Amino acid sequence: MSEKIGVLISTTDVENRIAEVAEQLSKEYEGKVLHIIGVLKGSVFFMCELAKRMTIPVTMDFMSVSSYGNETKSSGVVKLVKDLDDSIEGRDVLLVEDIMDSGRTLSYLVKILKERKPSSLKLITLLDKPDRRVVEIEPDVTCFTIPDRFVVGYGLDCAQKYRNLPYIGVIEE
């Protein structure tokens with residue numbers, strides 16, 4: 001590692017919060033099958049940990065979009081790279097994202113998914129950076145609200161590095 005990474009949210013805090021949210025969602029969707037859609041690549045760690053802790057049946061699919069490339073700031077242009085494998089019509093859907101900042105990507109995805117007529121659609125994000133929002137959209141569930149800092153770990157990357165950190169870190173100058 002060439003950069004120094006400081007801990008913003010510890011592994012324990014992340015794991016405890018995911019367990020709380022999994023319990024909340026399991027109660028909310030009791031008696032139903034929840035279809036979880038992860039936004040690649042960043043949501044994978046969060047989505048898997050969330051699903052493992054749920055006590056209801058879940059199915060999974062993935063979408064991939066691009067708005068960053070190898071930059072630390074969004075380009076503002078959202079491009080669909082991988083679409084869903086299965087229809088979501090009539091299903092209870094949970095869209096899982098690692099971080100919400102500008103809101104462009106998730107606004108784009110929510111619009112696309114609503115057009116596909118799910119029975120219900122909720123948006124959950126591990127991290128929310130409301131100071132960066134440029135589009136009017138809010139997650140239904142947020143694990144942590146964070147300041148406007150560039151974060152890595154638990155699926156979040158910097159030029160594809162540091163996704164595997166078991167905590168949320170900040171790259172220190």
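From a predicted model like this one, the values you see are computed outputs, not experimental measurements.
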Original post:
Sequence neighbours excluded, which residues qualify as salt bridge (charged side-chain N to carboxylate O under 4.0 Å, His left out) partners of Arg91?
Top reply: none
**OP:** Mind jotting down which residue pairs meet the side chain to side chain donor-acceptor pair (under 3.5 Å) criterion with at least one end in residues 108-119? Sequence neighbours excluded, please.
**Re:** Asp83-Arg116, Lys111-Glu115
Original post:
Could you give the distance from CG (Asp98) to CZ (Phe45), rounded to the nearest 0.5 Å?
Top reply: 10.5 Å
Original post:
So, Arg132 side chain and Asp101 main chain: donor-acceptor pair closer than 3.5 Å or not?
Top reply: no
Subject >> side-chain hydrogen bond (donor to acceptor under 3.5 Å, both in side chains) partners of Asp85, counting only residues at least two apart >> reply: Lys82
**OP:** Mind listing the closest non-hydrogen atom pair of Tyr162 and Val152 along with its distance?
**Re:** CB-CB, 3.8 Å
**OP:** Can you measure from CD1 (Ile36) to CG (Asp92) and round to the nearest 0.5 angstrom?
**Re:** 11.5 Å
**OP:** Taking the side chain as every heavy atom from C-beta outward, state whether Arg17 and Val21 have any atom pair closer than 4.5 Å.
**Re:** yes
Original post:
Quick one: salt bridge (charged side-chain N to carboxylate O under 4.0 Å, His left out) pairs with a partner in residues 24-38, sequence neighbours left out?
Top reply: Glu23-Lys27, Glu28-Lys122
Original post:
Hey, does Met63 have a side-chain heavy atom less than 4.5 Å from the side chain of Leu113?
Top reply: yes
Subject >> Considering all heavy atoms, the nearest Pro166-Tyr154 contact >> reply: O-CD1, 3.6 Å
Subject >> Those residues that, when tested against Asp61, pass side-chain hydrogen bond (donor to acceptor under 3.5 Å, both in side chains) (two or more places apart) >> reply: none
**OP:** Please report the closest heavy-atom contact between Val93 and Ile88, naming both atoms and the distance.
**Re:** CG2-CB, 3.9 Å
Original post:
Nearest heavy-atom pair of Phe46 and Leu126: which atoms, and what distance?
Top reply: CE2-N, 3.4 Å
Original post:
With a 4.5 Å limit on heavy-atom distance, are the side chains of Val81 and Val65 in contact?
Top reply: no
**OP:** With sequence neighbours excluded, give me every salt bridge (charged side-chain N to carboxylate O under 4.0 Å, His left out) pair touching residues 41-56.
**Re:** Glu49-Lys52, Glu49-Arg53
Subject >> Closest contact, heavy atoms only, Leu106 versus Ile99 >> reply: CD1-O, 4.4 Å
Distance-only donor-acceptor hits, side chain of residues 135-145, under 3.5 Å, sequence neighbours excluded:
residue	atom	partner	partner atom	Å
Glu138	OE1	Arg133	NH2	3.3
Asp140	OD2	Leu123	N	2.7

Original post:
Just how far is it from atom CG of Leu127 to atom CG of Leu8, taken to the nearest 0.5 Å?
Top reply: 8.0 Å
Subject >> Smallest separation among heavy atoms of Leu121 and Pro118, with atom names >> reply: CB-CG, 4.1 Å
**OP:** Kindly write out the residues that satisfy side-chain contact (heavy atoms from CB on, under 4.5 Å) with Ser87, not counting sequence neighbours, or none if the list is empty.
**Re:** Glu89
**OP:** Compare all side-chain heavy atoms of Leu95 with those of Val110 and state whether any distance is below 4.5 angstrom.
**Re:** yes
Original post:
Is the shortest heavy-atom distance from the side chain of Leu94 to the side chain of Leu50 under 4.5 Å?
Top reply: yes
Subject >> Spacing of Leu156 atom CG and Ser43 atom OG [to the nearest 0.5 Å] >> reply: 10.0 Å
Subject >> Approximate separation, where rounding is to 0.5 Å, of Leu25 CG and Ile56 CD1 >> reply: 7.0 Å
Subject >> Side chain proximity check, Tyr167 to Ile5, heavy atoms < 4.5 angstrom >> reply: yes
Subject >> Side chains of Leu84 and Ile37 in contact at under 4.5 Å (non-hydrogen atoms) >> reply: yes
Subject >> CD1 on Ile171 to CD on Glu3, rounded to 0.5 Å >> reply: 5.0 Å
